[in-house]
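Below you'll find the structure, written out as structure tokens, and then a few comments.
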Amino acid sequence: MTDETPLEHERRQKVARWRSEGREPYPWNFPGRVASEVVRARASTLSSGDEAIGETARVAGRLRALRVHGRTAFADIDDLSGSLQLLLRADVLGEALYQSWISDLDSGDVVGAEGAPALSRRGEPSLVVRELQLLAKAIAPPPEKFHGLQDAEERLRRRYLDLLSSPETRQRFRVRSLLTRETRSFFEEAGFLEVETSVLVPLAGGAAAAPFVTHAKYLEQDVQLRIALELPLKRLIVGGLERVFELAKCFRNEDLDTTHSPEFTMLEAYWAYADYNDMQALTERLYQRLAARAAALLPEVPEAQESARAFAAGFSKVDFVDELERTSGITGLLEKSSAQLRDLARAAGSTVPDDSPPGVFLDKLFEHYVEPTLSRPTFVLDHPLSTTPLAKRHRRLAGRVERFEFFYRGYELGNAYSELTDPDEQERRFQEQLEARAEYRYAYDADFIRALRHGMPPTTGIGIGIDRMVMALTGTPSIKDVLLFPLVRST
RNA sequence: GGGCCCGUAGCUCAGUCGGUAGAGCAGGCGGCUCUUAACCGCAAGGUCAGGGGUUCGAAUCCCCUCGGGCCCGCCA
């Protein structure tokens, strides 16, 4: 390699030396190992300076630090359960073997060790090593051992370095995995069937967002990547599956920022014979359980503890229109013309196109005046009808739909309705969107209306942003830090 | 899309008013049998993101490009 650094050259020389001695620098396995925390726990029961004579344990992990004191050396290795100090001693390993290990080991190497648990004279849980095995030679050095990888760009582009140098990052992604598993269990226990619908669709509907477009060769047609799960899942309700959910990636061809990613994970659930009041109760239970779980997994993270307390106390409820009028000082919102709403939205700093439907202006006003104030768990209820083409009109309030969005820390975590099931009204609502702006034609799904004509039971549905859920419950301010490999420009 | 900020050794960071590019970690050599950001000594390591300009002289000032961050806008 012509672009290798002197440091890499040095390490390659060590690999060559290993091979020339008939030893394998990249072996196949390391059987019989236990987690380092097992050895730590055993060693902690000993007295300082004592070794568990006659006991043997095998551990493996990445070498983080090597402190050589002449004929004794201390090596710290990390595995997923934590870290452990290895004691390498010339009098145990033999002089020649000890010296060759000291000179061949580098930080970043993956090693396996066998030996006896011990507590060092200074009280550090350790393993007195009798046998050592190189499991993978690190040609490239790890990030700085104390500060870790600080460069924000490198942390995203080279997540493996972030993970191997940051226990916090490892823990954050473990918690993400456990929270999605918990979410699945919750819906399964509530009688929902997990399904998988298609990512590639002829027409991406169910939300207003720019889709990614690609090409299917066998159809000789362009296809799109889904922007929401809503329309296929409602078809399943028509088909009699009664309670379904999907937890999967959706794609929107838009910017990456603190709370948005073009590729994101969404949970949508549809529940026949129930309404949005039932869904509110389910949502409260879900978040109480998830927040408690996250708090238990992250005892050191104050935001996680705070979230558990906040969700345990239950959600506040505010009316969309009342709350917007109260915070903005505007009166008679529902009587305003589209032009009046547009001017109000302009005054609030929005630059959405003039020909947007009136619901868009209302949403902009809400985002500007109300959202930043919603720091504790809050249901926002009963949106104006023009904001929501897929929701059923309110059973009491004129000009409204039965909908709730819920917010925490000033951003939206989810969105739910009593679903619109009247096929003719659905067709009219799609039509109104279309007339307002031609670009919304992608939301017009004729086959979906045809499905509704066969009769869809009364149903409530919800969409939950999983990435934002993880952010909220782990105290992570940026969506990029809950995505393993956020899409970044290639260099 | 707009504004502000950042890019110096593999990593973490200094670099003053424009005057010979620095430290720590990692790596090399030497020393050290209880350290844990080990320590001590020696030597090595640079396309200062890239390109152009101003200047006797540019990491430093100006312009452009690339990459990133934050805020705003867009994302019914």
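No hydrogens, no waters, no symmetry mates; every other heavy atom, side chains included, goes into these values. Naming: A, B, ... by sequence-line order, numbering from 1 per chain.
Taking atom C1' in both B:A44 and B:G28, the straight-line distance is 8 Å, to the nearest Å. Here, B:A43 and B:C56 have their C1' atoms 36 Å apart, quoted to the whole Å. Between B:G24 and B:A14, the distance separating the two P atoms is 16 Å to the nearest Å. Comparing the C1' positions of B:U36 and B:C70 gives an interatomic distance of 37 Å, to the nearest angstrom. Distance check on atom C1': B:G27 versus B:U16 gives 32 Å, rounded to whole Å. The C1' atoms of B:C6 and B:C75 are separated by 27 Å, rounded to the nearest whole Å. For the C1' atoms, the distance linking B:G46 with B:U55 amounts to 24 Å, nearest Å. Comparing the P positions of B:A59 and B:G67 gives an interatomic distance of 25 Å, to the nearest angstrom.
Remark: B:A23 base-pairs with B:U12. Criterion, Watson-Crick or G-U wobble with two distances under 3.5 Å. Judged by Watson-Crick or G-U wobble contacts below 3.5 Å, the nucleotide B:C42 has B:G28 as its partner. As the counterpart of B:G7, B:C66 is assigned, both hydrogen-bonding distances of the Watson-Crick or G-U wobble pattern falling under 3.5 Å.
Neither OP1 nor OP2 of B:C34 sits under 4.0 Å from any side-chain N or O of A:S48. For the OP1/OP2 pair of B:G69 and a distance below 4.0 Å, the side-chain nitrogens and oxygens of A:K480 include at least one atom meeting the criterion.
Applying the ring pair (Phe, Tyr, Trp, His ring centres under 6.0 Å) criterion to A:Y276, with sequence neighbours excluded, gives no partner residue. In this structure A:F448 satisfies the ring pair (Phe, Tyr, Trp, His ring centres under 6.0 Å) test with no other residue, sequence neighbours excluded.
The pair A:K137-A:D106 meets the salt-bridge criterion, since a charged nitrogen lies less than 4.0 angstrom from a carboxylate oxygen. Salt-bridge check for A:K249 with A:E263: passed, with a basic side-chain N closer than 4.0 Å to an acidic carboxylate O.
In summary, the side chains of A:S478 and A:T258 do not present any donor paired with an acceptor at a separation below 3.5 Å, with no hydrogens or angles considered.
Of the residues in residues 337-349 of chain A, those placing a heavy atom less than 4.0 Å from an atom of RNA chain B are A:G349, in numerical order. Scanning residues 259-268 of chain A for heavy-atom distances under 4.0 Å to RNA chain B yields A:H260.
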Polar pairs (N or O, both sides) under 3.5 Å between protein and nucleotides 26-28 of chain B?
from: B:A26; atom 1: OP1; to: A:K145; atom 2: NZ; distance (Å): 2.7
from: B:A26; atom 1: O3'; to: A:S107; atom 2: OG; distance (Å): 3.4
from: B:G28; atom 1: OP1; to: A:K14; atom 2: NZ; distance (Å): 2.6

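Listed by first and then second residue, the side chain to side chain donor-acceptor pair (under 3.5 Å) pairs that reach into residues 199-214 of chain A come to none, sequence neighbours excluded.
With rounding to the nearest 0.5 Å, the separation of CD in A:Q85 from OG in A:S120 is 5.5 Å.
Of the candidate nucleotides B:U36, B:A37, B:C74, B:A37 has the atom lying nearest to any side-chain atom of A:F146.
A:R159 places a side-chain N or O within donor-acceptor distance of the main-chain N or O of A:L483, the cut-off being under 3.5 Å.
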